[in-house]
Amino acid sequence: MTLLSPLPHESTAPWSGRVEPPRSAPAGDAPRLSLDGTWDFRLLAGVPGTPGAHGVLPDGEGAADFARPGYATSADAGWGELAVPAHWVLEGGGAHGLPIYTNVQFPFPVDPPHVPDENPTGDYRREVDVPTSWTEGGRVLLRFDGVESFFTVWVNGEEVGSASGSRLAHEYDVTDAVRPGTNTVAVRVVQWSAASYLEDQDQWWLPGIFRDVTLLHRPVGALDDVWLDADYDPASSEGILVPEVRADAAAFPVRLRVPELGVDVAWAAPEDVAPVSVGAVEPWSAEEPNLYDVTVASEGETVSLRVGFRRVEIVGDLLLVNGRRVVFSGMNRHETHPDRGRVFDEEHARADLARMKQHNVNAIRTSHYPPHPRVLDLADELGLWVILETDLETHGFEAGGWVGNPSDDPRWREAYLDRVRRTVERDKNHASIVLWSLGNESGTGSNLAAMAEWVHHRDPSRPVHYEGDYAGEYTDVYSRMYSTVPETASIGGDDLSPVLGCSIGDSARQRSKPFLLCEYAHAMGNGPGALDQYRALVDTHPRLHGGFVWEWRDHGLRTTTPDGVEYFAYGGDFGEVVHDGNFVMDGMVLSDDTPSPGLVEFWHVERPVVVRPSGGPASGAVEVWNRRHTADTADLVLRWRVEHDGEVVASGKDLTPVAAGERAEVALLEPASLPEAGPGVEAFLTVELALREAASWADAGHVVARDQWALPTRAAARTRRPAVALAEAPVAFRGPELVALAGADVSAPRVELWRAPTDNDRGAAMGSYDAVDPTTLPWRGTPAPPVADRWRRQGLDRLTHRTVAVEESADRLRVLRRVSAAQSRRTIDVEETWTAERAADGVVEAVLRVVLTPDDHWDDVWPRVGVHLALPTDVDGAGWFGLGPHDSYPDVRSSVVVGRHRAGIDDLSVPYARPQESGHRSEVREVALERGGRPWAGLTLGRDARGRLPGFTLARHSAHELSAAAHPHELPVPERHHLYVDAAQHGLGSRACGPDVWPTAMLRPQARTLELRWRAL
């Protein structure tokens, strides 16, 4: 047997050849040429020159012949054109292969560092003209900002090196390879490599040159690297620049200028470079992102930087920025676009980050790699705290018990260190970065510890984060994913109960550090629930510093069916051999940029200013609590309004500035001056805080916070409406069945317990709170089936109805039914009673009273309890008085307010990538259904004996139709539209990846009563 020598793309070495040390590469005036644009391209089935790739090249062609000047590309040899930057699987309509999505799997055998012979390989080449002056002095570098996953570079047929680290920058010294005039640049990109084992980051596998390619001239006397550590002393408000200049002696003297601060310093030699005190400065923070323009000039180059002064430090168990505790209202942010994948578009990125700010997001964790460098420029400018993560994740090893995991294998040490070096060195000048993160879900081991020690030595000004260091052996903050509410409260406290993966001693050590949730509230489909519970803990326990929702945006790829219907594809839609389904659709923003109701819930829960009644809801005084880190409320105007039954009767605006972190009592209004509400009228006070002037991320008037509470009113006197004959009401029956309402054909109301399972309903990530006490610590739920499976087991998706008795008279129709399912002994007795009454305005209303009584065999939660009516397809919208404007559920309802709202039918539900339950409006008093945009039928919803109000859902498709579809385009053409009136709904939770629905938001089997009053409009 002949053992083959290691293949270059299977080497654990991070690079070879003339690869330059990593650096920050700030913007400078040295010449540069962009190589972005159209390249010649071909896709091969394997890596030329490897033993298993015979026949991938045309007969007679050598492995590297394509890199030679004068090589003739031809269509016959498979050559065409491809844009750079781009992912080849997203170009050409599938001609270059297709995307693959996995989360916790490798799409190749787990045999590190080896990969299969079936290895898509892209050959790129183009010509570039190099000015003569570039070759007469200085150096020439070829920079790649992102290539997935392993690439080799030739210039004029000469191999200059290879590298891996897909989301990292690499520069090659090509000085000796270039010549004046025309030069040939060739790149071979291998999709699967040893590096792929380090890049299993819950995203699409998208090979190719997907970031910028640039040819750089580095003149004699240029600045090889500049780092300006801009420290800020919160005690004196003074700044100090701690510079690091890497350059040859020929670059000196070097001059530092900060015009706004009057700083002009020159250093004659490298040894003269020293810290510079700049006097009083306005510090940088996410709320007040003050930046100063700085130039550093050498003999050969002037570079420009935008510098923000700030200090990050840990004092005890607090993470402080500029001397104040920081709270992260954060999002995990992947780079993803439905058409471009990870290819950067600045306009879209700016709009996306502005959307974050508009929804009270103040922090980003760059999951799980450094983003395009301009993203960090935007974070500096707009104001976002950043945890910058290294390009590292080995999650696919977890399924095998982490056996063979590179994190503790010395062979991979240099690859790990190279990745963190390139991360830190590239981005070290950004004020927005407050923590360095070693990567994500890579187990633990000595290589991660080595990375942490390197960072501690290289940049003591920023702490080190890594969630997988459960015992806290080498990181500075304690970080967790999806800890339950009770466990998070325990971490914030001072008890000695053990936490995940820790001994009692390790638990004590972790509680001595600042704590953050690097992932929580999994935002997959409809949800997530319990955001308010986590924020309440952060406001209670100073050790808790907030967290980062998983995640910001769905990763759907825009795709069309064979007949041209557009949809957003997820795992499995491209015929992948292994995939993780729609787990990639887990964002607060849908693939088409639509904010989800979950994001609006986050906006409210994380509002920077909280307003609450002070001295009782009728006092007219409020407490204004400014939860901001830095800014007072002078940039905000407080607007208030009082509504009686949803109609505004008084309003005003006022706000005395409140300092950051402070609370102040404000006399908002004089209660005696308000119009008096009549008996039975509901009164609410709503307070909004809006921007006085336009900001870089929002227009003037943008609302950053809203609170609402009920005002005391008089109860209505009990009255009895006159009964009339049922025939006078706007309903018609065929036997015991309703067949018409307000002149339109409808179906009889049927008891409904089923809802189209949400992604969280389908999830089983952390076990069931029904199966294991959620207050048990540390909480690790025992395996339990998804709640959707339990619902099916109960037969809730296949209920049948049996009419038991019918009593009919001129003024009443009473129907008794029994509801159950095949092979089930569980039943619900239903009493439906129809009567008619004349309302105070003289209109006759049909009154339906539905009493649902389950037997005692029901032993598990229900998704909903209510009634379902099928309506004509021209029912196309509704107005309602109740909670809105968006949907709400028991554990996702902080952001809705009582008022009068209206929406068309398509805006009453959310087009999630996998159809599921959405659109439920809670606590509704009145609904006006519309046909053709005009009022058609009115519905008044009564309170039950405990004062509870029902909710409604109006949709084009039934719960069963939604359940049966994997994508929106698979839904049938509606034959009926559907109205659900629910006495109650089950909560949403976060169990697609996180915790179950909290017990208080679960819907247990129970008797309920609905009273519905119908009138024609």
Side-chain angles (χ1 to χ4, degrees), residues 522-529 554 556 567-568 570 581-583 585-586 590 594 596-598 747 750-764 785-799 821 860-871 873 886-892 905-922 951-992 996-997 1001-1003:
H522 192 258
M524 187 173 177
N526 194 357
D554 280 359
Y567 69 101
F568 294 101
Y570 50 74
N582 74 324
F583 209 74
M585 310 297 260
D586 48 11
L590 306 187
T594 301
S596 70
S747 74
R750 284 288 185 261
V751 168
E752 187 63 82
L753 303 183
W754 178 249
R755 76 181 185 194
T758 67
D759 289 310
N760 289 312
D761 294 338
R762 297 172 185 258
V787 68
D789 291 353
R790 290 153 51 195
W791 293 340
R792 287 190 175 92
R793 234 175 268 165
Q794 297 178 75
L796 303 186
D797 60 336
R798 56 185 190 278
L799 295 179
D860 206 345
V861 294
W862 289 345
R864 71 181 343 140
V865 55
V867 294
H868 168 213
L869 291 86
L871 308 177
T873 56
H886 54 276
D887 54 9
S888 52
Y889 294 83
D891 53 353
V892 184
I905 193 167
D906 290 323
D907 294 324
L908 284 168
S909 56
V910 181
Y912 294 111
R914 178 160 66 182
Q916 57 193 273
E917 161 68 29
S918 73
H920 175 73
R921 268 64 181 181
S922 307
F952 85 99
T953 304
L954 178 65
R956 292 192 184 275
H957 295 95
S958 71
H960 292 78
E961 290 171 335
L962 292 168
S963 303
H967 302 86
H969 69 268
E970 296 169 3
L971 291 166
V973 175
E975 296 181 355
R976 305 287 267 171
H977 286 175
H978 301 273
L979 175 68
Y980 293 87
V981 179
D982 291 320
Q985 278 247 6
H986 187 65
L988 298 178
S990 192
R991 202 177 168 209
D996 194 9
V997 174
M1002 291 178 177
L1003 176 56

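The structure displayed is predicted, hence computed values, not measured ones.
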- [ ] Using salt bridge (Lys or Arg N to Asp or Glu O under 4.0 Å) as the criterion, list what pairs up with D982, not counting sequence neighbours.
- [x] R864

Task: Straight-line distance of H977 NE2 to L954 CG, nearest 0.5 Å - done: 8.0 Å

- [ ] To the nearest 0.5 Å, tell me how far W754 CH2 sits from R798 CZ.
- [x] 9.5 Å

Task: Euclidean distance, M524 CE relative to R762 CZ, rounded to 0.5 Å - done: 9.0 Å

Open item on the list: Working to the nearest 0.5 angstrom, can you tell me the gap between H957 NE2 and E975 CD?
Closed with: 10.0 Å

Open item on the list: Quick check for you: to the nearest 0.5 Å, what is the distance between L871 atom CG and L979 atom CG?
Closed with: 5.5 Å

TODO: Applying salt bridge (Lys or Arg N to Asp or Glu O under 4.0 Å), name anything that partners R991, two or more places apart in sequence or on another chain.
DONE: none

Task: side chain to side chain contact (heavy atoms under 4.5 Å, CB included) between R921 and T953, intermediate numbers included - done: CA-CA 6 Å; R921 268 64 181 181; T953 304; over 6 Å; no

TODO: Could you walk me through whether Y980 and R755 pass side chain to side chain contact (heavy atoms under 4.5 Å, CB included), step by step?
DONE: CA-CA 10 Å; Y980 293 87; R755 76 181 185 194; over 6 Å; no

- [ ] Give the C-alpha distance, both sets of side-chain angles, the deciding distance and a yes or no for salt bridge (Lys or Arg N to Asp or Glu O under 4.0 Å) between R793 and D860.
- [x] CA-CA 10 Å; R793 234 175 268 165; D860 206 345; over 6 Å; no

Open item on the list: Please report the interatomic distance CD(Q916) to CG(D761), rounded to the nearest 0.5 Å.
Closed with: 8.0 Å

Sequence neighbours excluded and cut-off under 3.5 Å, please list the side-chain donor-acceptor pairs for residues 906-915, or say none.
residue : atom : partner : partner atom : Å
D906    : OD1  : R956    : NE           : 2.7
D906    : OD2  : R956    : NH2          : 3.1
R914    : NE   : D759    : OD1          : 3.3
R914    : NH2  : N582    : OD1          : 3.3
R914    : NH2  : D759    : OD1          : 2.9

- [ ] Using the side chain to side chain contact (heavy atoms under 4.5 Å, CB included) rule, take H978 and H960 through it: C-alpha gap first, then chi angles, then the decisive distance, then the call.
- [x] CA-CA 11 Å; H978 301 273; H960 292 78; over 6 Å; no

TODO: Please report the closest heavy-atom contact between D891 and G987, naming both atoms and the distance.
DONE: OD1-CA, 3.5 Å

- [ ] Report yes or no: does H986 contribute a side-chain atom to a donor-acceptor pair with the main-chain N or O of L1003 at less than 3.5 Å?
- [x] yes

Open item on the list: Do P528 and H522 make a side-chain contact, defined as non-hydrogen atoms from C-beta onward lying under 4.5 Å apart?
Closed with: no

Task: Close side-chain approach of P597 and V892, heavy atoms under 4.5 Å - done: no

- [ ] Answer yes or no: is there a donor N or O on one side and an acceptor on the other, between the side chain of Y889 and the main chain of Q985, under 3.5 Å?
- [x] no

TODO: Grab the two heavy atoms, one from A756 and one from A959, that are nearest each other, plus how far apart they are.
DONE: CB-O, 3.5 Å

Open item on the list: Give me the atom names and distance for the closest heavy-atom approach of D586 to D554.
Closed with: N-OD1, 3.1 Å

Open item on the list: Taking V861's backbone N and O only, do any of them form a donor-acceptor pair with Q794's side chain (distance below 3.5 Å, no angle check)?
Closed with: yes

TODO: Without swapping roles, check the side chain of T758 against the backbone of N526 for a donor-acceptor pair under 3.5 Å.
DONE: no

